[in-house]
Amino acid sequence: MAKHTTLKRGQILKYIGKRWKNLNISNNPFVKFLGYDGSGFADVWVEYQGRLLFISIKEVELAI
């Protein structure tokens, strides 16, 4: 996703990044947007099954 895409809190995004060792996100790749990192638009906070994740904006795309 583009670095300066405007997202709203609660918006659903699809995770397209690499798999994590202790996080099987490929079965249900949808995350809820919580907010941007305070230092810019490159990283975002998302919620995935009750877990808070800090990921790069490049690892998500807009879900339809």
Side chains of F33 and V60: closer than 4.5 Å at any heavy-atom pair?
no
Is it the case that one hydrophobic cluster holds both V46 and L52, taking links as side-chain heavy atoms less than 4.5 Å apart, direct or via other members?
no
Going by heavy atoms in the side chains, are L13 and L62 under 4.5 Å from each other?
yes
Can you name the nearest heavy-atom pair linking K18 to E59, along with the distance?
N-OE2, 4.4 Å
Cluster link L53 to V44, ILVMFWY, side chain under 4.5 Å
yes
Is any side-chain heavy atom of E47 less than 4.5 Å from a side-chain heavy atom of V31?
no
Consider only side-chain heavy atoms of I, L, V, M, F, W and Y, link residues closer than 4.5 Å, and tell whether Y36 and W45 are in one cluster.
no
So, taking the atom named CD1 in I12 and the one named NZ in K32, what distance separates them when rounded to the nearest 0.5 Å?
7.0 Å
CD of Q11 to CG of L34, rounded to nearest 0.5 Å, is 12.0 Å
